[in-house]
Trainee: 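Have a look at the structure that comes next, please.
What you see below is based on every heavy atom in this structure, not just the backbone, and it leaves out hydrogens, waters and symmetry mates. Proteins get letters first, then strands, A, B, ... in listed order; numbering begins at 1 in each.
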2 protein chains.
Amino acid sequence: MRPPTIRDVAERAGVSKSLVSLVLRGSEQVRPEKREAVLAAVDELGYRPNAAARSLSERRTRTVGVLLNDMRNPWFVELLDGLNSRLHDNGLRMLLADGHLNRRLGEDLTRTFTELRVDGLIAVGTLPPSQALRSAAAQVPTVVAGAREPTLPHVDVVAGDDQSGARLATEHLIALGHRRIGHIAGDGVVGALRRRSFETVMREHGLTDLAAVERGDLTEEGGYRATVRLLSAPERPTAIVAFNDMSCVGALSAAEELGLRVPRDLSLVGYDNTYVSRLRHLWLTTVDNASHDVGRRAAQCLLDRIADPTRPAQVVLTTPTLEIRGTTGPPAGS
Amino acid sequence: MRPPTIRDVAERAGVSKSLVSLVLRGSEQVRPEKREAVLAAVDELGYRPNAAARSLSERRTRTVGVLLNDMRNPWFVELLDGLNSRLHDNGLRMLLADGHLNRRLGEDLTRTFTELRVDGLIAVGTLPPSQALRSAAAQVPTVVAGAREPTLPHVDVVAGDDQSGARLATEHLIALGHRRIGHIAGDGVVGALRRRSFETVMREHGLTDLAAVERGDLTEEGGYRATVRLLSAPERPTAIVAFNDMSCVGALSAAEELGLRVPRDLSLVGYDNTYVSRLRHLWLTTVDNASHDVGRRAAQCLLDRIADPTRPAQVVLTTPTLEIRGTTGPPAGS
DNA sequence: CGTACGTTCTGGAACGGTCCAAAGCCGGTC
DNA sequence: GACCGGCTTTGGACCGTTCCAGAACGTACG
């Protein structure tokens with residue numbers, strides 16, 4: 001038994017399929033009694049429009065594809081929430097695909113999305129550079145959210161202002177009295193921006209020589225190892241600015257393992273204000289990127305770009321704030 | 001400029017659209033030179049089949065819809081991974097929708113999926129009971145994964161064996177020498193199963209009177225509050241079996257706040273073996289549900305059910321294991 | 001040489017919607 | 001009564017595929 005089609009509804013209501021279509025799309029030009037007959041028929045048959053048929057005919061899918069870099073890293077949840085709300089308000093649905101899950105399968109997600117003929121594409125987080133994304137972005141309106149790359153001709157970028165975020169974190173520590181400060185660096189453009197900002201602030205305060213940087217890799221493990229390296233220097237830093245919350249948690253573990261109390265012996269600042277940072281037992285001081293807002297704005301950007309695909313690419317940065325919790329305090333000596 | 005269609009490819013290759021279709025679907029009945037001509041044309045034009053047109057004609061979408069209860073709770077990630085790999089092997093793509101994100105928008109996710117005419121539906125985790133899901137399940141092959149409800153006529157259930165999981169946790173604590181043990185209970189059938197199993201094991205060891213149960217709500221906050229209640233009893237428990245990792249983290253915070261050392265003064269067992277439990281700084285002893293396996297089996301179930309939609313519903317349970325980490329040890333007195 | 005039979009290839013009918021030009025209906029005007 | 005114009009309604013073309021019946025083209029055989 002196949003699901004009812006618009007023709008079944010039309011027959012039942014005693015009208016033409018065109019009229020059913022009009023009613024379903026909310027036309028004013030329909031006499032009330034016919035409208036009700038149609039709606040009654042829809043109800044009785046449990047009719048649901050077929051999205052494939054509709055989009056074939058309309059030449060659009062009212063669907064945007066969202067590419068996630070890795071679900072295991074929880075920073076994107078708020079962003080998605082913001083995205084979703086704004087897209088939903090404009091009658092668009094969201095399809096999710098996780099790059100990490102699929103990379104190991106060697107599947108190209110953008111391929112799926114182009115076959116689906118999504119109306120737009122949102123890349124959330126830093127994705128591995130790929131030719132596929134380049135060419136997809138050339139065909140369908142695309143926005144990068146919560147990351148700074150790739151930078152492509154007609155692709156907008158919406159993200160937190162990493163420079164001012166890292167500045168907030170670093171200045172907070174300096175204001176508390178820290179002088180010798182370490183940084184766990186991340187990958188890509190975002191990593192470079194936060195790192196450079198950290199270094200700039202240190203320089204502004206004449207602390208260049210007291211700044212130490214070790215490379216992490218966005219994971220807890222990476223943060224842990226970077227911290228061990230930072231803390232094994234002859235003069236250990238009294239505070240660390242971590243690239244993100246996950247690596248900050250790694251730092252927390254390293255500190256604990258080395259017998260350091262946080263924040264008494266070591267202050268830590270994370271980045272992203274993920275729910276992990278909000279876990280009472282961790283309670284990380286962290287930089288909040290206003291991810292929900294980033295998501296909403298990214299959605300708006302996409303809507304604008306769908307309306308005018310050729311407009312110049314723009315970069316929208318949100319202003320981060322510092323969320324002070326339990327992992328920062330004045331250094332032991334002060 | 002519209003994306004090329006199969007007719008464009010046919011024209012360019014100097015064949016009929018039917019032949020192009022044959023080539024693209026991998027027919028053997030095509031002479032090599034024509035095949036190559038077609039493939040070359042596909043390549044030059046950058047042709048991608050239109051999924052909507054295809055599914056309209058084939059009457060299937062090669063897509064399954066996945067309903068998540070809440071992205072903020074990380075237990076499902078492994079499960080999705082398992083799901084995805086098996087579905088992918090069978091040429092099915094996965095569409096994700098998060099119940100939590102959409103509930104606040106008041107949108108009915110199953111509606112989107114039925115309009116999309118997905119070939120199958122997978123409900124991941126305990127979803128709020130809804131008439132929509134009932135009726136969707138009546139129309140399209142459906143499997144519940146990582147939860148035990150709803151139980152519907154032709155809906156399979158694939159999940160960890162909560163009874164034996166809670167038993168593992170409880171017996172582990174008893175074997176360590178704990179006698180007075182608390183439980184943070186969860187919601188729904190899963191919550192009831194784990195709770196009953198906890199109580200059964202306690203009874204088997206003659207510890208009924210030393211068992212205490214407080215209701216949590218699956219979140220850290222709920223776990224925290226339940227633990228405060230458990231620990232404010234005149235005789236506090238020396239160990240707690242938490243419903244899940246998140247509430248276990250809440251318990252950890254509560255213990256810390258009350259000045260108890262874990263595991264010296266209080267042992268804790270979580271549930272789900274999420275990446276949160278693996279964070280070094282938390283390092284929770286937890287029950288592993290073999291989520292990846294649950295995902296794979298759920299996918300297999302769905303495939304079987306798509307092949308034969310009327311077969312009787314089955315319940316598949318995986319055997320959990322205990323992951324012993326840092327939050328359990330012998331009680332202080334022993 | 002005509003016929004039968006594989007192997008390849010093709011035209012056209014679905015699939016289930018949207019959209020548009022045109023038709024039907026109505027009361028009001030001249 | 002013919003004509004007009006606004007409001008409703010309709011038939012049919014179209015969207016880009018798949019699928020099927022049958023055409024075209026060998027090749028082998030009697």
Trainee: Sort and list the pairs that fulfil salt bridge (Lys or Arg N to Asp or Glu O under 4.0 Å) and have at least one residue in residues 15-28 of chain A, not counting sequence neighbours.
Mentor: none

Trainee: Filter on side-chain hydrogen bond (donor to acceptor under 3.5 Å, both in side chains), then keep only pairs touching residues 120-145 of chain B, sequence neighbours left out; what's left?
Mentor: none

Trainee: Would you say B/S16's side chain and B/L19's backbone share a donor-acceptor pair under 3.5 angstrom?
Mentor: yes

Trainee: I'd like to check the side chain to side chain donor-acceptor pair (under 3.5 Å) partners of A/R62; sequence neighbours left out, ordered by chain and number.
Mentor: A/E58

Trainee: Starting from P on C/dG16, measure out to CG on A/L24 and report it in whole angstrom.
Mentor: 16 Å

Trainee: Could you tell me whether the side chain of B/D272 and the main chain of B/W75 form a donor-acceptor pair under 3.5 Å?
Mentor: no

Trainee: Filter on side-chain hydrogen bond (donor to acceptor under 3.5 Å, both in side chains), then keep only pairs touching residues 5-14 of chain B, sequence neighbours left out; what's left?
Mentor: B/R12-B/E44

Trainee: Between atom CG of B/N50 and atom OG of B/S57, what is the distance when rounded to the nearest 0.5 Å?
Mentor: 11.5 Å

Trainee: I'd like to know if the side chain of B/R305 reaches the main chain of B/V140, judged simply by a donor and an acceptor atom lying under 3.5 Å from each other, with no hydrogens or angles considered.
Mentor: no

Trainee: Based on the rotation axes of five pairs at each end, what angle does the helix from C/dC1-D/dG30 to C/dC30-D/dG1 bend through, to 10°?
Mentor: 80°

Trainee: Can you build the contact string for nucleotides 7-17 of chain D? Use B for base contact, S for sugar-phosphate-only contact, and - for no protein heavy atom under 4.0 Å.
Mentor: -BBBBB--BBB

